[in-house]
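One structure below.
Quick note on labels: first sequence line is chain A, next is B, and so on, each numbered from 1. Everything numeric in this text was worked out from a predicted model, so none of it was measured.
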Amino acid sequence: MSTKKALVALMGAALAALAGCAGPPQQAAGATEKYTIVLSNNYMGNEWRPQMVNGATLVAGSPEYRDIVDLQIRNVDTQPNLQIASLQTIIRQKPDAILVDAASPTALNPTLEQACAQGIKVIAFDQIAQTPCAHTMPQDYAAEAADMVNWLGTVLQGKGNILMDTGLPGIPISTTFVDVWTKTLAEKYPDIKVVGTYSSQYAPGPELQGVSQQLAANTRIDGILSGGYISSQIAAFEKAGRTPVPATGLDINGNMQECERLKLPCFYIGAPAFVGGMAVEQAVKILRGETVPKDQVYWDTNYLSTAADIDFPHQQKAEVIKEGESYFATGSPSLVTPVTYGPNALTAAAVLGS
Amino acid sequence: MTDLQLPAAPAARPRARRRRPVPWDLVAALAIFLVLAVVDLVLQPALADLGQIGLLLQTGLPLVLVAAAQTMVVLVRGLDLSVGGILAVATVVTASAQGGGPGWIALALAVGIGLGLLNGLLVGPVGMQPFIVTLATWTIFDGIALKIMSTDGGTPPPAAVALATGETAGIPNSVLVVVGLLVAWLLLRRSRFGHRMVAVGTDAERARLNGTPVRAVVVAAFVLSGLLAAFAGVLSSGLTASGSPTIGDRYILTSVAAVVIGGTSLLGGRGGIGLTVLAALSLTLINDIVAAMNADVWVTTAASSGLLLVLVLTRGLVARLSGRRVT
Amino acid sequence: MTGVLAALRGSRTTLGAALFALVLFVVGTVHTAGFASGDNIRQLLVFASFVGFAALGQTLVVLGGGLDLSVPWLISFGGIQLAVLCAGGMNQVLAVVVCVVVGLLVGLVNGIGVTVFGVAPIVMTLGVGGLVQAYLLAVGLLKATGNDVPTIASGVANGALGPIPVVAVVWLVVALVVAVVLARTRFGRSVYATGENDVVAVLSGIDTGRVRMITYAVSGAASAFAGVIISGYIGKAYLEIGQPFLFASIAALVIGGASILGGRGTYFGTVVGAIALTLLNSLLPLFNLDPASLSIAYGLVILVGVRVTTTRGTGRGWGRRARRAEESEAG
Amino acid sequence: MTIIDGAGTGAGAGRGPAAGPAAGPARELVVTGLEKAYGRNQVLRGVDLTARFGTVHALLGENGAGKSTLIKILGGVTRQDAGTVSLGGRKLPPGGVTAAQRAGVRVVFQELSSIANLSVAENLLYRAEPHRAGVVAGRRLQRRAAELLARFGMDRLDPGRRVADLDLAERQLLEVVKALAAEPRVLVLDEATSALSSADSSWVLDQGRQAAARGCAVLLITHRLGEVRDVADRLTVLRSGTTVLVGRPDEFDDDTMITEMLGRRVERLFPPRTPPGEDVVVAVRGGRVGERLGPLDLEVRAGEIAGLGGLQGQGQREVLRALAGATRWTGGEVTVRGREHHPATPAEAIRAGITYVPEDRQREGLLLTRSVLVNSSLSSLFSLVRRGLLDRRREAQRSRAVAGDTGLPEGRLHAPVSMLSGGNQQKVVLARALYREPTVLLLHDCTRGVDVGTKADIFALVAGLAAKGTGVVFYSSDLSELAHFCDRVYVMAEGRVRGRLDAAGGELSEESILRLALTHRADDTGEEAPAP
């Protein structure tokens, strides 16, 4: 039957093409002395993740690690199942260590435990996995949230109307933020009233739309508790012909530029993207047998705009932004700051991949 | 009419029995699956091991079941956008066990049946468009999941974990579940109810002329869909040893894609879970192949879509060359 | 006279959607004083127009019996590619044209896959959407998103003609053009015929392949254009900027009375659907519900709203009365 | 003919004199004062009908007279507004199709009720499948289906085939077997012979008679008066939703019946022939389609009505489809008005002046939810474009004109065609074909399921067109139409033209067509007929 033959031939051709483009995924040839470290990432849609990946790549490619580390990056969609599948593929290749930015704090645990059981070192960072067998490098969401709400409470002198961003309902950071904010407001700032909530989904578009809706409903808004894009909040206020208000949000250069332009008091969560590089260093230390703390909050400094330099009760460090270090007046708005840590002289341009 | 008395012969003359037509949809779905399996094996020889296949299968299992759930509804010419929501509710219910027994699995499945029933009643007796109904219930179910569990966590009963990741007599349970699903489908397809579903999906009005209780069949299809989606949730909870209120959304489009890639017609009445399972496994293989690629993120993204397109376009081309129309 | 009656019957679901939107607006006004303010109405119009632009091509594609899931990625493409081109020093008008033309070509690829290769629209457009996503990742997101949105995009998106936003005016014009095309041209008739019954259409001498191909091409171009405007308004272009518009674009047309299986509906219906959806999106958060309750409320309002305001039997022929029309003279 | 009489009351309820009012009232299907309205459209206005068990009762009426609605009520598909239906003295219970079937009513619906995606066997035993714990016993199902088919002499249907792969006639036959298999007390045959060749029609009628002989009341709905005379014991004529005539077929002549059906006289069914011109509009030399059709020679002159005859499924459909551009010629030479013509699409054929009226008007002919206006202008939109837009006034004028020509009721121009009766729907398809005067008109069984009045309208219309020089290719499953309407008939068998019969030469008659078709089959080599 000619059609069957055609089918077979075409499938064969497709197969050949695929095999060609996929290429051998296994370890690169050459020195087997190198530590094979695989970074499993589950999202590329925002600005933070690519910079995190770039940071890891830059560190792994630096003179110090170039000859020791073979870093491979594996990206999947945000679905935990896909990351589990990807991790299993990775485990099958038996690397020395896995660095994981997890799609879920719990879902990957059984899989990561399989990796641990096979002697693979697991380091979970950013969105951590909670399995006890892994080293973790988390942020302290609760402390950050407490500092944010205390900062805003102090700026507003304990009274006023505010909006609250529920983030991406269901994910740990949003749940923690909202819980801590709500509790702290009730306990310490009874005169601050949450007049509206919106879900920024940590994306500029929804943040703009969410704030816009609340502006229509509320003639007076004095501040915003958010973990997202202050620049979008400001855009919403300006489009409505209203004056932007003190706000909290991500440590993204664009947020900082906007607050400086308006001399607005703003609070930036310290969540630098170089944690990818830190995780590589941590993995090497562990593989070399050095003792490192099992769980270590990787960054404990938050940042304030120049107009926000006030004293407030805080658990983590709070610093006013510094040009060239944690702020770049003419740099790309996408840049997550600070860029450089410790001895690693990462440049903004390098982190942005240009 | 003619008054010529006709010999009875022409009418009664038996024709040569025709050979059964080639089941092209099955051949195509199978070919796609095999090509991907071979590619994956070439890339990862370590996969040629029952244990590894079990591991691969267990991650693909929730998709297989959600896609099967979608198939039930598509067969009666519907569409279910709420399968992801039902899956999410089922994972959080299962994970609410916190050391409880397998009763929680039963509860999760019962909830799935209930949610499916709600969809079915709105579409069947109330008579609303399935698209609108399930678009709305999708967000409702997501909300319910979020009410039950505000973020990822919880602990499913050990039975759920064993079901998803364990093995029985040396055979991974994931393999057994797939086999069980296929057997169940074959029985259903051959059952009287299966015939009713095909009839309703093919032409609801004609089915009614034949005395089919059309709306009851539609309701039943949604109920089965709810049950299967909930089972996907139970397995997902077992696989991840936890529950997640946000896990479902990404499954929705993929489930429809799996149904269509398998060859089940969105116009109803044709296809079945067997084809869908093959397609869902094909999608799992694509993910596995892409996961094994150590390349830039754009390359892997392009590869996963590209692989899919190459396969369906090839299939379309072959069908065209052989003068067949694709469903 | 009978023509008017037929037209009314045809637009009954659209009227229902309009009623739905009206109820939402009234509830909003009663609940919140600022809801009916000029500022808010302008905002709502702008947001609705985004859905409207995203759903423009989608409406044509669905009327012709297809579905386009590549819309969100082409929206992202429109925003990001424009920023990249302009950062590279290209004339801004030219850059917009290039984006829209490339969007059109990508749409054409969808169309070819669906018509020539016979691939199911859902799979084809999902795959092509994935390739567009891959391309955007390859462009270098950080480079692209770091750039300011070109002034042409932000100018159009934020401009106003008197009290009315330019975007809304553009939307109105586009809606009128599309309405005329659908109702008064050979192409429009062909789209409906193709979507309702492509065998009849083919035998009547309509080149259904070409008709479908055009709808996908228009969808690609319209999505890319929507991306330009949306990124201009948000002031930023980023990878997932188009994501909210996938289901919104489909929901708008279904709420507006179109059949997801093709052949029935109007762009006017989609416009009403987009407005209703935007009203709903703006109204519900004002009740300060927790996220879970908000989600549940959203679903319930859609269910009840659509159930109450639209006539039944627009579904797929399951209802007892679905064939009533057909029976009525077939004695 | 043996009469099986279960109740043993003795009286022979069969054909002929015994059909008098002898037996008790319980031995009848009685319909009294049935009324039904859809919205403001009153379809039944008090229908009375009495059909005795053991007889064949013909139900006549033009399209739209209310026959289908009456049948739907009998079958439990719809419910009446007023009036009663009783069966053997007992009222037909409400409860839809199932209840009606349980009471012993089986309907062979005109629109056919078989499920395309199920097999012949699965359809035959639908809702009566042999099963174990709900799982259908596949082998037993096949066997029982085969037995049923054999019992009713229809074993040429393969129980394993998917119904979607059957042609219209085969589906119709399946439908009849399915109804017979249930051994009903009331068997309704709604236009069950309209899609059939004469051989198959005879089979259906014969089965009807046999069912009656077994004690069943058979309700026969047909537009063919010959069938009524052949098999019916009594008849009822409906007009505009009321009973207008009841009696035995031999009490009335054809004219009376037709006049009662239509409420007017039809002067003649077939218009007088006019001699065709000399110019050849279409010529096919050695044409082939696929592997099974052809080589084929065919010629149609201007003003000629050329018939395609023969048994069903001998390639007539393929010829029409290839001429219409819906399938491709794979060989041979085709010319239209002397010019080479190999259309790749129907669009090209239409541009060359060839219009096609497909066989299945519901599936291939009409956009059911759209208006008469939209449907009628669909093939001619390009002629209505003015400055890029459709000239709607022109469209309305033109549509009104064609609608008038075809005899469509005034004022229904904007109604969805799904609201029209079958006959009027057929006229809409014709109106589209006539929208611009075609060079060649291809008619595929355009009189199927159409009442006498509409048929006469259609013939007159086509003849008028031919008189203006259009070449017509006419296929019908009704031999008498071929014999009386065509100028010339090409008799086809197994994908080839087996002979040509000219009316002018006096060779053309039903008998000659059939003889040619059958004699060929008699010495055929046993090859399979081309699949439709």
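- Minimum heavy-atom separation, A326(D) to L203(C): CB-CD2, 3.7 Å.
- With rounding to the nearest 0.5 angstrom, the CG atom of N197(C) is 12.0 Å from the CZ atom of R370(D).
- Among all heavy-atom pairs drawn from A183(C) and R392(D), the shortest one is O-NH1, 4.1 Å.
- For chain C, the option among T345(D), V374(D), L238(D), V385(D) with the highest count of heavy-atom pairs below 4.5 Å is V374(D).
- Between A193(C) and L378(D), the shortest heavy-atom contact is CB-CD1, 4.1 Å.
- Of the listed residues (L389(D), I350(D), L367(D)), the greatest number of heavy-atom pairs within a distance under 4.5 Å of chain C belongs to L367(D).
- Between chain D and the options S190(C), G188(C), A201(C), S204(C), the largest number of non-hydrogen pairs under 4.5 Å is found for S204(C).
- Proximity to chain D is absent for every atom of F187(C), based on heavy atoms less than 4.5 angstrom apart.
- There is no contact between L384(D) and chain C, counting heavy-atom distances below 4.5 Å.
- When the shell of 6.0 Å around CZ of R239(D) is examined, it contains more than 12 heavy atoms from other residues, nucleotides or ligands.
- Enclosure of atom OH in Y435(D) by more than 12 non-hydrogen atoms of other residues, nucleotides or ligands within 6.0 angstrom is indicated.
- Between R264(C) and T369(D), the side chains place no donor N or O within less than 3.5 Å of an acceptor N or O (distance only, hydrogens not considered).
- A salt bridge links E395(D) with R189(C): the closest approach of a Lys/Arg side-chain nitrogen to an acidic carboxylate oxygen falls below 4.0 angstrom.
- Here the straight-line distance linking atom CZ of R186(C) with atom OG of S380(D) works out to 10.0 Å at 0.5 Å rounding.
- Side-chain N or O atoms of E364(D) include none that pairs as donor or acceptor with a backbone N or O of V199(C) at under 3.5 Å.
- Annotation for A347(D) and G205(C): closest pair CB-O, 3.2 Å, computed over non-hydrogen atoms.
- Rounding to the nearest 0.5 Å gives a distance of 9.5 Å between OG1 of T185(C) and CG of L381(D).
- Within a 6.0 Å radius of CZ in R393(D), other residues, nucleotides and ligands contribute 12 heavy atoms or fewer.
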